[in-house]
2 protein chains.
Amino acid sequence: MPKGAQTRRAIVDDAVQVASKVGLNGLTIGQLATHTGMSKSGLFAHFQSKEALQVGVLERTREWFVADVMAPALAAPRGEPRLQVLYERWRNWVDHAFDGGCVLVAAASELDDTPGMVRDSLVRMEFDLHESIATVAAGAVREGHFRADLDVEQLAFELRGIMLAHHHAARLLRDAGAGERADQAFAALLSRARSA
Amino acid sequence: MPKGAQTRRAIVDDAVQVASKVGLNGLTIGQLATHTGMSKSGLFAHFQSKEALQVGVLERTREWFVADVMAPALAAPRGEPRLQVLYERWRNWVDHAFDGGCVLVAAASELDDTPGMVRDSLVRMEFDLHESIATVAAGAVREGHFRADLDVEQLAFELRGIMLAHHHAARLLRDAGAGERADQAFAALLSRARSA
DNA sequence: CTGATTAAAGCACGATCGTACGAGGATCGC
DNA sequence: GCGATCCTCGTACGATCGTGCTTTAATCAG
């Protein structure tokens with residue numbers, strides 16, 4: 001790997017963790033430079049704008065999510081087991097991957113009224129994730145694990161709600177029982193998916 | 001009402017709407033002054049710090065929420081009808097009260113790693129809301145609308161998830177069907193609360 | 001109406017923001 | 001090992017940030 005790309009990657013990795021604490025908008029070239037021990041201009045040269053840095057953070061987070069959550073899920077047996085792995089990995093990832101809150105959750109609120117390529121990048125990711133969940137659920141229907149008339153889009157919507165509620169309870173309210181609440185909600189979601 | 005309080009109220013009202021677009025951290029004394037047609041220092045004099053302004057925004061949002069959501073709910077008959085009204089008003093409020101996204105949802109992600117009185121203020125509000133929902137649900141249990149062994153805290157958790165998922169789908173993904181998804185999820189939640 | 005209080009503006013401050021440019025040193029292909 | 005390319009830095013810019021102070025104008029109590 002050429003030197004430049006190597007440094008850029010290291011910067012973005014740091015930026016992901018900083019952004020998890022202060023948000024994508026809270027990211028600052030100066031603070032990030034101090035944090036990484038580089039000069040402000042040296043760091044800036046790797047991105048030609050702050051927007052590009054933010055997009056880099058989102059892209060990196062996506063790579064990470066795919067490696068830690070999606071890949072293990074796809075390695076699991078099709079159907080309900082795959083959805084189970086997806087859920088477990090997802091929840092675990094949200095809990096442990098970041099110094100602060102999940103970058104994607106924070107970005108979703110920060111960017112909902114900020115048109116531009118950063119928002120576009122996030123929307124694409126979130127949309128893909130939604131589709132992936134629906135697809136996995138559809139696989140479970142095909143395998144006969146879930147009932148045939150299951151609305152897989154609805155399931156994806158409600159699963160997203162469980163993850164968001166978990167994030168909210170665990171990170172803002174510091175509720176130690178948030179994980180168990182989420183597990184219980186997910187179990188109920190599965191149960192409803194099996195039979196009407 | 002004395003003049004000062006009147007102006008302060010007008011500023012905060014404006015600030016709520018601005019914050020709904022740019023977030024609590026995105027709020028800026030200068031931009032807000034321009035937006036309200038005041039001088040920066042004249043505006044600043046009403047709060048002695050930016051933190052106080054942010055707390056003011058949260059407090060005002062709470063007043064608004066209580067008036068538009070909680071009060072009508074408490075006016076409805078105890079039990080399931082009251083929870084139904086609470087849900088409907090809440091969803092409607094999230095959809096129509098703000099120029100941008102819900103201030104509280106955005107603040108939850110922005111402040112989860114920012115200790116201080118702004119965060120404390122938000123946590124208190126969110127905690128109270130959670131308690132209120134649980135209390136309303138407990139009333140429905142007492143009325144015999146919901147099953148006796150219902151975990152009302154779990155219901156409050158899952159209802160929060162539905163609202164967050166709705167906000168996510170409607171505001172970030174611009175999904176026109178988000179409202180219906182939320183309604184469907186809430187209906188399922190009620191159904192599960194009635195009988196195991 | 002008048003005297004005391006208060007609201008708002010003007011201006012200034014140090015700090016930090018994102019971004020630009022040019023020079024020096026390191027890295028790499030050959 | 002040399003020449004071209006690519007990093008990284010120092011420095012600088014205009015703008016804007018949050019927050020003081022001082023002065024004028026409006027409000028309010030008696």
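Naming convention: chains lettered A, B, ... in sequence-line order (proteins, then strands); numbering from 1 in each chain.
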Original post:
Out of curiosity, A/Leu189 CG to A/Arg194 CZ, how far, rounded to the nearest 0.5 Å?
Top reply: 10.0 Å
Original post:
For B/Leu27, which contact category applies under a 4.0 Å heavy-atom criterion: base, sugar-phosphate, or nothing?
Top reply: sugar-phosphate
**OP:** Determine, step by step, whether B/Gln184 and A/Asp151 satisfy the side-chain contact (heavy atoms from CB on, under 4.5 Å) criterion, reporting the C-alpha distance in whole Å, the side-chain angles of both residues, the deciding distance to 0.1 Å, and the verdict.
**Re:** CA-CA 11 Å; B/Gln184 202 172 322; A/Asp151 184 343; 4.1 Å; yes
Subject >> Toward the 5' end of DNA chain C, by each residue's nearest nucleotide, A/Gln31 or B/Lys40 >> reply: B/Lys40
Original post:
Does the base of D/dG10 carry an N or O that pairs as donor and acceptor with the side chain of A/Ser41 under 3.5 Å?
Top reply: yes
Subject >> Atom-pair distance (CG on A/Leu43; C1' on C/dC17), nearest Å >> reply: 14 Å
Original post:
Roughly how many Å is it from CD1 in A/Ile29 to P in C/dC17, rounded to a whole number?
Top reply: 9 Å
Original post:
Under a 4.0 Å N-O cut-off, is there an ion pair linking A/Asp13 with A/Arg60?
Top reply: yes
**OP:** Determine, step by step, whether A/His167 and B/Asp112 satisfy the side chain to side chain donor-acceptor pair (under 3.5 Å) criterion, reporting the C-alpha distance in whole Å, the side-chain angles of both residues, the deciding distance to 0.1 Å, and the verdict.
**Re:** CA-CA 10 Å; A/His167 192 270; B/Asp112 60 2; 4.5 Å; no
**OP:** Tell me which nucleotide among D/dC7, D/dT19, D/dC28 gets nearest to the side chain of B/Lys3.
**Re:** D/dC28
Original post:
Got a minute to check which stems DNA chain C is part of, using Watson-Crick or G-U wobble pairs under 3.5 Å, three or more consecutive?
Top reply: C:1-23 with D:8-30, C:25-30 with D:1-6
Subject >> Residue closer to the 5' end of DNA chain D, B/Gly4 versus B/Thr28 (nearest nucleotide) >> reply: B/Thr28
